[in-house]
Amino acid sequence: MNGVEAMLIFVAFLVIILLDQFTKYLVLTNFNLGDSIPIIQNVFHLTYVQNRGAAFGILQDQLPFFIIITLAVLALLFYFYRQLPLGSSWNKVALGMALGGTIGNFIDRVRLGFVVDFFDFRVWPVFNIADSAIVVAVIIFSYWILIVDQGNNSNE
C-alpha cells in the first residue's frame, strides 16, 4: 500500500472521530439526559440517551467487557490488515470509517462510562455518528465481498 492509499484510511478515520466526538460534545453541553428535539415530528428527533450496553442496548453495564472486546477487535483488525479486501478506494475509506467509529465509541466508554447516542428515528434504537460509520463500513465491505469479489472470482 502506498502513501496515498494509507492517507485515505487515515482521513476517513480522522473525519469520523472528529465528527463523532464534536457532535457528542454538542449533545453533552446542550442537552439534559432524555431531552428530545423534533427535527421532523414523530419521524426524526435529536434525543440524548446514554447507552451503557452494545447495539440496541443489549448487555447493559458491562463496561470492562466492552473495553476488552474493543481492544481485541482493534488488535485483530491490525493483525489481519493485509488480508482485508482493500482492493478499492471505497474499502480503504470503509476501513477508516470502521476504525474511526470503533475508536469514537471506545473514547466515550473510557471517558464517560457510556456511549452518547442522539439520532432518534423513533422506530429504531437511538444511535450516533460512530455507529453509522461502522454500519456503512460493514455495508461497503459486504458489498465488496458478496458482489464485486464474487464477480471477479466467477471469471477465473
Side-chain angles (χ1 to χ4, degrees), residues 1 5-40 43-86 88-146:
M1 176 178 319
E5 294 170 328
M7 186 61 77
L8 273 175
I9 296 169
F10 180 72
V11 167
F13 168 79
L14 193 60
V15 165
I16 294 302
I17 285 182
L18 292 175
L19 281 174
D20 179 64
Q21 291 299 300
F22 179 68
T23 54
K24 290 172 177 176
Y25 167 79
L26 290 175
V27 169
L28 286 169
T29 57
N30 292 292
F31 284 67
N32 292 314
L33 184 60
D35 283 354
S36 186
I37 298 173
I39 304 301
I40 302 171
V43 175
F44 176 62
H45 292 222
L46 296 178
T47 303
Y48 172 32
V49 296
Q50 296 175 351
N51 184 352
R52 296 177 186 277
F56 309 111
I58 62 172
L59 299 170
Q60 290 289 309
D61 297 315
Q62 301 298 316
L63 183 61
F65 171 76
F66 290 120
I67 289 173
I68 291 167
I69 291 297
T70 301
L71 292 173
V73 167
L74 290 171
L76 286 172
L77 272 174
F78 286 112
Y79 181 77
F80 290 111
Y81 171 76
R82 296 224 180 268
Q83 297 172 11
L84 292 172
L86 296 177
S88 79
S89 295
W90 283 106
N91 285 348
K92 291 171 183 69
V93 169
L95 177 59
M97 291 174 68
L99 291 170
T102 301
I103 297 293
N105 282 340
F106 183 73
I107 290 169
D108 283 12
R109 289 188 198 285
V110 170
R111 187 172 66 95
L112 304 169
F114 56 85
V115 174
V116 175
D117 287 334
F118 53 90
F119 291 139
D120 182 2
F121 280 92
R122 299 293 161 152
V123 295
W124 193 258
V126 182
F127 59 99
N128 60 45
I129 287 177
D131 299 333
S132 301
I134 293 167
V135 168
V136 170
V138 167
I139 290 168
I140 292 169
F141 280 135
S142 298
Y143 174 77
W144 184 266
I145 291 167
L146 297 173

key: Intermediate values then yes/no, side chain to side chain donor-acceptor pair (under 3.5 Å), Asn128 and Asn105   = CA-CA 9 Å; Asn128 60 45; Asn105 282 340; 3.1 Å; yes

task = Show your reasoning for whether side chain to side chain contact (heavy atoms under 4.5 Å, CB included) applies to Ile37 and Phe31.
result = CA-CA 9 Å; Ile37 298 173; Phe31 284 67; 3.5 Å; yes

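Summarising the geometry of Thr70 relative to Phe106, their closest heavy-atom pair is CG2-CD1, 3.4 Å, with the distance given to 0.1 Å. Here the closest heavy-atom approach between residue Gly100 and residue Ile17 is recorded as O-CG1, 3.5 Å. Residue Pro38 comes nearest to His45 through the heavy atom pair CB-CE1, 3.4 Å, listed as atom of the first residue, atom of the second, then distance.
The structure places CG of Leu18 at 9.0 Å from CZ of Phe13, a figure rounded to the nearest 0.5 Å. Rounding to the nearest 0.5 angstrom, the gap separating the CG atom in Leu63 from the CD1 atom in Ile68 is 9.5 Å. Note: Ile140 CD1 to Leu95 CG = 11.0 Å, rounded to the nearest 0.5 Å. Remark: Leu28 CG to Leu33 CG distance equals 10.0 Å, nearest 0.5 Å. Considering CD1 of Ile107 and NZ of Lys24, their distance stands at 8.0 Å, rounded to 0.5 Å. From Leu71, atom CG reaches atom CG of Leu76 across 11.0 Å, with rounding to the nearest 0.5 Å.
Here the side chains of Asp131 and Val135 are not in contact, with every heavy-atom distance at 4.5 Å or above. In this structure, the side chains of Ile129 and Phe22 stay at 4.5 Å or more apart for every pair of heavy atoms. The shortest distance between side-chain heavy atoms of Ser36 and Arg122 falls below 4.5 Å. Between Tyr48 and Asn30, every side-chain heavy-atom pair lies at or beyond the 4.5 Å cut-off. Inter-residue side-chain proximity for Leu74 and Leu99 is flagged as met; some heavy-atom pair is nearer than 4.5 Å. Contact of the Val115 side chain with the Arg109 side chain is registered, since non-hydrogen atoms from C-beta on lie closer than 4.5 Å.
Judged by distance alone, the side chain of Asp20 and the main-chain N or O of Ile16 form no donor-acceptor pair under 3.5 Å. The closest donor-acceptor contact from the side chain of Gln21 to the backbone of Gly104 lies under 3.5 Å.
The one candidate from Asp120, Val126, Thr23, Ile39 that meets the side chain to side chain contact (heavy atoms under 4.5 Å, CB included) condition with Leu46 is Ile39. Screening Val116, Val49, Asp117 for a side chain to side chain contact (heavy atoms under 4.5 Å, CB included) involving Val27 leaves a single residue, Val116.
In this pair, Phe121 and Phe127 present their aromatic rings parallel. The plane angle is below 30°, not in the 30 to 60° band.
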